[in-house]
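Numbers for residues simply follow the sequence, beginning at 1.
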Amino acid sequence: LPDTVSFEPATGGLAAPDFTAELVDGTEVTASELWRDRPVVLVFTASWCERCRAVHRDAASVVAAHPGAALLGVVGEDDLEGAGEYAEELDLGRPVGAASEQVWLDYAAREASVVVLVGPGGKVLRGWPGGVAPAVLDEQLDALAG
């Protein structure tokens, strides 16, 4: 998190279920470490999903305009191999990782192309099945800036 950026702790919302995902480069990331001090946009996606590519690109574009905010693409654990090619094709410079089906269920992501905003400190603030309009996500992230 850059020294010049701060975010207000999220109020309201439900506690975000913590999870660990294996990134396409083989490292592991723990979600709670990401959202400790910053908002995190989770994009539940799939390597085979054409619509997901546009949703993921839109979310990445908005997050890139908010220094300090994080983005994590989440595929199913059986899609890790395909996720490497997906991440390379999108070339977003943002991580994509695989998580268990239980993680998807914990976030009510029954199918790919779900976007979830987790506020600093780990509160689920919003979820958008099918994706979110960039202007809406931008407004939500702006509201969290300190």
State, to 0.1 Å, how close [X] and [Y] come at their nearest heavy-atom pair, and which atoms those are.
X     : Y     : answer
Cys52 : Ala46 : SG-N, 4.1 Å
Ala59 : Val43 : CB-CG2, 3.9 Å
Arg38 : Ala70 : CD-CB, 3.8 Å

Using the side-chain hydrogen bond (donor to acceptor under 3.5 Å, both in side chains) criterion, which residues pair with Ser61? Sequence neighbours excluded. none
Quick check: do [X] and [Y] have side-chain heavy atoms less than 4.5 Å from each other?
X      : Y      : value
Val118 : Leu125 : no
Leu34  : Leu72  : yes
Val75  : Val96  : yes
Leu144 : Asp142 : no
Leu71  : Val40  : no
Val116 : Trp128 : no
Arg51  : Ser113 : yes

Mind checking the CD-CD spacing from Glu77 to Glu101? Nearest 0.5 Å is all I need.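 Between atom CD of Glu77 and atom CD of Glu101 there are 8.0 Å.
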Using atom types as modelled and distance alone, determine if a side-chain donor or acceptor of Asp18 lies under 3.5 Å from a backbone N or O of Ser32.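 Judged by distance alone, yes, a pair lies under 3.5 Å.
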Worked verdict on Phe19 versus Leu42 for side chain to side chain contact (heavy atoms under 4.5 Å, CB included): CA-CA 12 Å; Phe19 65 93; Leu42 302 173; 4.1 Å; yes
Donor-acceptor pairs are to be reported for all side-chain atoms of residues 102-110 against protein atoms at under 3.5 Å, with residues two or more places apart or in another chain.
residue : atom : partner : partner atom : Å
Gln102  : NE2  : Asp106  : OD1          : 2.8
Tyr107  : OH   : Pro17   : O            : 2.6

For residues 78-92, tabulate all N or O donor-acceptor pairs below 3.5 Å that involve a side-chain atom, not counting sequence neighbours.
residue : atom : partner : partner atom : Å
Asp79   : OD1  : Ser47   : OG           : 2.5
Asp79   : OD2  : Ser47   : N            : 2.8
Asp79   : OD2  : Ser47   : OG           : 3.2
Tyr86   : OH   : Thr45   : OG1          : 2.8
Tyr86   : OH   : His56   : ND1          : 2.8
Glu89   : OE1  : Arg53   : NE           : 3.4
Glu89   : OE1  : Arg53   : NH2          : 3.2
Glu89   : OE2  : Arg53   : NE           : 2.9

Transitive ILVMFWY side-chain link Val29 to Val24, under 4.5 Å: no
